[in-house]
Amino acid sequence: MISASTRVAGVIGDPVRHSLSPLLHNAAYRALGLDWVYVAFEVPAGRATAALDAAAALGLVGLSVTMPHKADAARRCDRLTAEAARLGAVNTVTVGPDGLLHGDSTDGEGFLRSLRAAGHDVAGARVLVLGAGGAARAVAAACAGAGATVTVAARRPDAARVAAETCGVQHAPWEARDGLAAAAAVVVNATPVGMAEPGTPLAPGAVGAGQVYVDLIYHPRETEMMVAAAAAGAEVVGGLGMLVHQAALQVERWTGRDAPLQPMRDAVERALAAR
Ligand code: NAP
């Protein structure tokens with residue numbers, strides 16, 4: 001029951017009404033027996049700084065940050081982790097007891113944890129990342145940090161170059177992606193191809209036996225490319241694990257305790273099955 005001592009955390013974004021973060025976090029708080037609640041705040045573009053000032057003034061536990069506020073949040077935070085500073089993007093703000101705001105990016109580590117949970121390690125591996133947006137950058141930087149040799153390919157050459165420079169990795173032309181995929185140990189789709197729009201980001205036969213194909217898309221649970229890669233003998237990982245693990249890392253930052261992964265996963269699986 002919500003009382004005068006209930007603590008509040010939340011997510012800021014726009015749009016945010018479709019967000020699965022409240023389900024993930026509230027499932028975690030329930031399982032941990034915390035008198036906490038997590039809500040979604042629809043904050044329009046340009047208002048992130050005001051929202052973060054309010055979070056400090058109100059003594060919120062912290063905020064998750066999603067589109068379009070990640071860069072503004074990085075500018076407003078008083079301290080940034082090395083990862084958030086490199087990416088110029090924050091998805092996790094922790095409000096300190098002194099009211100100072102600590103910014104972190106848990107997407108990259110969430111990605112690595114989800115791969116490890118599926119039995120894969122990128123250390124020493126050749127990794128191809130498709131796309132140059134926020135998720136691609138987080139994944140590329142995390143894989144490079146974990147000892148992988150990373151190449152970013154994106155349909156806009158300038159975007160690929162800037163992403164690669166930001167993450168300290170290589171970039172390649174979009175047209176070269178099928179050949180690069182065939183030579184990679186791990187291929188990551190960080191484009192929305194296969195979600196809202198149908199199709200595959202690679203030729204369906206570009207990834208096969210002895211390789212890992214990771215799609216960051218979690219709805220649908222299986223994309224057309226995941227089906228094709230699995231049929232060709234590749235090991236396939238969907239985006240749900242990353243979604244759960246990036247939130248689990250936020251729970252850990254805020255509570256100082258291990259996140260209860262299974263209740264979090266169950267909550268989000270139920271919601272996605274109903275969509
Ligand atoms: P974003 O910042 O908008 O970046 C999307 C990237 O994909 C851009 O490089 C974009 O290129 C490219 N792209 C878009 N449509 C394309 C197409 N038809 N062909 C080739 N490239 C295309 O998005 P994001 O936040 O990085 O998210 C990317 C994907 O990852 C989404 O599917 C999202 O749902 C997923 N994601 C999953 C998680 C998770 O936890 N599982 C977390 C974050 C994101 P342009 O710049 O040229 O448009």
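Both counts, for ligands and for their atoms, begin at 1 and track the order of listing. Positions are given from 1, in the same order as the sequence printed here.
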Is it true that Trp174 lies under 4.0 Å from ligand 1, counting heavy atoms only?
yes

Sub-4.0 Å heavy-atom approach of Gly134 to ligand 1:
yes

Starting from atom 46 (O) of ligand 1, which protein heavy atom do you reach first, and at what distance in Å?
Arg156 NH2, 2.8 Å

Check for a donor-acceptor pair, side chain of Arg7 on one end and backbone N or O of Gly59 on the other, with a separation under 3.5 Å.
yes

Short question: side chain of Thr223, backbone of Met226 - any donor-acceptor pair under 3.5 Å?
yes

Under 3.5 Å, side chain of Arg86 to main-chain N/O of Cys167, donor-acceptor pair present?
yes

Side chain, backbone, both or neither: the part of Leu243 lying under 4.0 Å from ligand 1 by heavy atom:
both

Taking Ala135's backbone N and O only, do any of them form a donor-acceptor pair with Asp107's side chain (distance below 3.5 Å, no angle check)?
no

What protein heavy atom is closest to atom 37 (C) of ligand 1, reported as residue, atom name and distance in Å?
Leu216 O, 3.2 Å

Ignoring hydrogens and angles, tell me if any N or O in the side chain of Glu224 forms a donor-acceptor pair with the backbone of Gly199 under 3.5 Å.
yes

Pair Glu252 + Arg113: basic N to acidic O under 4.0 Å
yes

Look at atom 1 (P) of ligand 1 and say which protein heavy atom is nearest, naming residue and atom and giving the distance to 0.1 Å.
Gly133 CA, 4.0 Å

Heavy-atom contacts under 4.0 Å between Met242 and ligand 1: side chain, backbone, both, or neither?
both

Any side-chain heavy-atom pair from Gln170 and Thr149 closer than 4.5 angstrom?
yes

Right, does atom 28 (C) of ligand 1 have protein non-hydrogen atoms nearer than 4.0 Å?
yes

Provide the number and element of each atom of ligand 1 under 4.0 Å from a heavy atom of Gly239.
39 (C), 41 (N)

What residue and atom, counting heavy atoms only, is the protein's closest point to atom 6 (C) of ligand 1, and at what distance?
Ala190 O, 3.8 Å

Would you mind telling me if ligand 1 is within reach of the side chain of Ala135, the backbone, both or neither, using heavy atoms under 4.0 Å?
both

Please write down residue, atom name and distance for the protein heavy atom closest to atom 48 (O) of ligand 1.
Arg155 NH2, 2.9 Å

With heavy atoms only and a cut-off of under 4.0 Å, state how Val193 meets ligand 1: side chain, backbone, both or neither.
side chain

Which is closest to atom 13 (N) of ligand 1 by heavy-atom distance: Pro192, Ala163, Gly131, Ala154?
Pro192

Do protein heavy atoms approach atom 15 (N) of ligand 1 to less than 4.0 Å?
yes

His69 side chain to Val43 backbone, donor-acceptor under 3.5 Å
yes

Give the minimum heavy-atom separation between Gly194 and Ile217, together with the two atoms involved.
C-CD1, 3.8 Å

Checking the side chain of Gln211 only, and the main-chain atoms of Ala181 only, is there a donor and an acceptor separated by less than 3.5 Å?
yes

Atom 33 (C) of ligand 1: the protein heavy-atom neighbour that sits closest, reported with distance to 0.1 Å
Met195 CE, 4.6 Å

Which residue holds the protein heavy atom closest to atom 9 (O) of ligand 1, what is that atom called, and what is the gap in Å?
Ala132 N, 2.8 Å

Enumerate the atoms of ligand 1 whose separation from the nearest heavy atom of Ile217 is less than 4.0 angstrom.
32 (O)

Please check this pair: side chain of Arg177 against backbone of Pro201, looking for a donor-acceptor N/O pair closer than 3.5 Å.
yes

Within the protein, is there a heavy atom lying under 4.0 Å from atom 23 (O) of ligand 1?
no

Looking at Glu109 and Arg116, does any basic side-chain N land under 4.0 Å from a carboxylate oxygen?
yes

